[in-house]
Amino acid sequence: LDPTLCIDRETMDSLQAYGSSSEDDDEAVTKGKEDNSFVPETKVQRANRQYLNPAPSVSLSTRTLVQQQKAHQNRQQSGEGSGLKRKREDRIVMLSNNPKKDVLYEPVQGPMNDVGADCQRSLSRYQPKQMQANVALDEAAFNQQRVDFQRSGRAMPLVSLAGEEVEAGGGDRELLRTTLGYEQQRLNKFTKQQETRQAIVQKAYTKDRKNKDALVLGDDDEVEFGVWGPPSPEERFMNENKLTSAEKGELAPEQLAEREYITERNRVRGQEEEDKPVMTLDRILERKMAHLLPPQQRADAKPFEATTEFHCAAEYDYQGRSWMAPPPGAASSANISSDGNLKCYIPKRCVARFGNNKNGIHRIRLFPKTGHLLLSAGLDGVCQVWSIPLDQDKQQQQPRLMRTYKGHSAACRDAQFNLSGSQFVSASFDRYLRLWDTESGEVKQTFGNGKVPYCIQFYPRDDNYFVVGCSDNRIVTYHTETGELTQEYNHHLAPVNAIVFITYDGEDGAQSNEPVKMVTSSDDKKILVWEWDIGVPIKYISDPTMHSMPCLSMHPSGQFICGQSLDNTICCIQTSPKIRVSHNKKFSGHIIAGYACEVAFSPDGRFVLSGDGSGSLFIWDWKRHKIMQKYRAHESGKPTIGTVWHPFQTSTVFTCSWDGVIKMWR
């Protein structure tokens, strides 16, 4: 409580008398005896001074200074009362509640307000040179002093915490707890305990520290440190200048032989490390497909020596015509088919079987426009050209082998004629591509970038350029005459499987101003559209439901591209007016089982032709998407990997398989 507020003695005596009444107690005891339910008086237990609850709040209201001044003036005017009585009246306190005596006499916790009675005056913020209590008190500092006061009974005065100046000569005053037994002796004892505790902690910290003084090496170290002590300077000198057994010549013959063997082994290992290829980024990417690719080429590797063999009697006939010349009437028939007046029919039976490749045949290509020659690429690395019998040639009923081209040490992956048929390119798993002269069998150029070529396609407006899809996710362009790599397309995330060109030329062969576009598919389940000689794709076709398409083929109308999807369907991509997937056109019913079976079309575009993984041949109707015919074309378990339709013979179809046989159907 504030010391400026006081209660007169008469009021306190009346309150003490009010706290208990002996008459009331006697009446309660007498009534309890009569009722035989006497309850003994409960003694109040003294509170533990270590855990005191805060004193209950007592609302006090005193007369203001103005009221006291008015009362004092009235008494002076009237002249009533003595001086002592007037002083008591001025200090009368009115209680808003009626507490008991023990509540009023409970000790008050917290620091005493040592500012003085001047704080009770009503002070204005704008009056200069007047002290205001707790005006600039720092909350953090007050909390720290409150904690210190609760723990040790000492705290700084409020004036010092508020940053006010202390009276001259007074120094920093300190608040001391005067209740609950916090006398000066106990406070000094508490301070001494704190100092003793800090001294013990400091002593333990000093004892645990390691001695960082450097050891002095000398003859006496062995006595101090034992056998594990640091060696003396004499011992270190002897160890540094000691001769080995080999220098002394004391090694046994077995030891000398072992040393020679280790030296030779390390020499060989060093050479192998030097010859080991450097792990470049391309090599790291290729290792992902290592289980599908042939071994890496050595630095000094050379291509396979190319040879050729002609299997007929003479390369020229009596008129001086080459064996490559088309038969009479083939050119006119080709012109008729190009005019769109041809109507094709479904073949009914197999009329010829040829081919003697034991390892299998992977691709077959017909000679451009006339189709009187057939090129086959075998899994033994050999390419062959066959002469195809036409209806006009009654003497020849079976295809005849004309020339063999041997130029690869591994299986051929693809082969492709140029636009005129005078040359063709073969791609093999030995990581080389070779440009052959079809008539003479001479190797014009050998190409290779150290990657496996997967597909080949000639540029439709210039025979001097062709593109290759490689195993390093790139598409490269080569020039046939110089052999240089002229362009690179690098945007796929997996090996490139198929390439198709889209041209917007007129029916009469006139070139349009539209640039040639290139459509590529990859194992990354994406289809990219490029413009010729620009290394950035212009369109990106991808869908969560799409699968990889290892083969792409252009429809004779030029309006659609069909891709052999690995979900056992043939998907269609519309090329005009926009390049997009046509979800309404799909051909199903066959099982690919992961093979790259080619898709072919009849010259009039009415039928779709494809093989499957079990050796069957399927023919669909283009408009109705219905299977029109199914044949058991090749040996069971061997996929019908390649199919072509003759360009002007209306019902002639050729198929090849890994059983090494080529069949002609009519």
Inset, instruction - Would you check if the side chain of T575 reaches a backbone N or O of I579 as a donor-acceptor pair within less than 3.5 Å? - result: no
Inset, instruction - Apply side-chain hydrogen bond (donor to acceptor under 3.5 Å, both in side chains) to the pair H492 and D524, showing each step before the final yes or no. - result: CA-CA 7 Å; H492 279 292; D524 58 3; 3.3 Å; yes
Inset, instruction - Kindly assign one of parallel, tilted or perpendicular to the pair F607 and W645, based on the angle between their ring planes and the thresholds 30° and 60°. - result: parallel
Inset, instruction - Check each of Q384, R363, H362 against S376 using the side chain to side chain contact (heavy atoms under 4.5 Å, CB included) test, and report the only one that passes. - result: Q384
Legend entry - Option among Y316, W323, Y405 that satisfies the ring-ring contact (aromatic ring centres under 6.0 Å, His included) test with F310: W323
Inset, instruction - Hey, can you tell me if F618 and W620 have their rings parallel, tilted or perpendicular (30° and 60° cut-offs)? - result: parallel
Inset, instruction - Determine yes or no for a side-chain-to-main-chain donor-acceptor pair under 3.5 angstrom, with N568 supplying the side chain and I592 the backbone. - result: yes
Legend entry - Heavy-atom donor-acceptor pair, Q574 side chain to V581 backbone, under 3.5 Å: no
Inset, instruction - Check the pair T308, R403 against side-chain hydrogen bond (donor to acceptor under 3.5 Å, both in side chains), reporting the backbone distance first and the verdict last. - result: CA-CA 7 Å; T308 183; R403 185 178 285 277; 3.1 Å; yes
Legend entry - H646-F648 aromatic ring centre distance below 6.0 Å: yes
Legend entry - Polar side-chain atom of S426 near backbone of L433 as donor-acceptor pair, under 3.5 Å: no
Legend entry - Centroid separation Y432 to H408 less than 6.0 Å: no
Inset, instruction - With P347 as reference, evaluate T652, L617, I619, L609 under the side chain to side chain contact (heavy atoms under 4.5 Å, CB included) test and give the passing residue. - result: I619
Inset, instruction - Would you confirm whether T438, through its side chain, and G421, through its main-chain N or O, come within 3.5 Å as a donor-acceptor pair? - result: yes
Inset, instruction - Could you tell me whether E531 and K517 make a salt bridge, using a distance below 4.0 angstrom between a side-chain N and a carboxylate O? - result: no
Legend entry - D430 side-chain N/O to S409 backbone N/O, donor-acceptor pair under 3.5 Å: yes
Inset, instruction - Taking all non-hydrogen atoms of both residues into account, name the closest pair between S322 and E439 and its distance. - result: OG-OE2, 2.9 Å
Legend entry - Between Q564 and S610: side-chain donor-acceptor atoms closer than 3.5 Å: yes
Inset, instruction - Mind telling me whether W532 and Y465 have parallel, tilted or perpendicular rings, with 30° and 60° as the class edges? - result: perpendicular
Legend entry - Check ion pair E481-K444 (N to O, under 4.0 angstrom): no
Inset, instruction - Could you tell me whether R434 and E442 make a salt bridge, using a distance below 4.0 angstrom between a side-chain N and a carboxylate O? - result: no
Legend entry - ring-ring contact (aromatic ring centres under 6.0 Å, His included) partner of W386, chosen from F354, F367, F654: F354
Inset, instruction - With side-chain hydrogen bond (donor to acceptor under 3.5 Å, both in side chains) as the test, would you mind laying out the steps for D523 and N497 before giving the verdict? - result: CA-CA 7 Å; D523 286 340; N497 294 324; 2.6 Å; yes
Legend entry - Aromatic plane relationship, F560 with W622 - under 30° parallel, 30 to 60° tilted, over 60° perpendicular: perpendicular
Legend entry - Donor-acceptor pair between N584 and S582 side chains, under 3.5 angstrom: no
Legend entry - Derivation and outcome, side-chain hydrogen bond (donor to acceptor under 3.5 Å, both in side chains), residues Q559 and S576: CA-CA 6 Å; Q559 303 294 323; S576 64; 2.2 Å; yes
Inset, instruction - Kindly say whether P495 contributes a backbone atom to a donor-acceptor pair with the side chain of S522 at under 3.5 angstrom? - result: yes
Legend entry - Result of checking H634, K663, E598 against T655 for side chain to side chain donor-acceptor pair (under 3.5 Å): H634
Legend entry - Salt-bridge contact K406-D380 (side-chain N to carboxylate O under 4.0 Å): no
Inset, instruction - State, without any angle test, whether H625 and K585 hold a side-chain donor-acceptor pair at a distance under 3.5 Å. - result: yes
Inset, instruction - Not counting sequence neighbours, which residues clear salt bridge (Lys or Arg N to Asp or Glu O under 4.0 Å) with D463? List them please. - result: none
Legend entry - C455: which of T520, V467, V500, D414 passes side chain to side chain contact (heavy atoms under 4.5 Å, CB included): D414
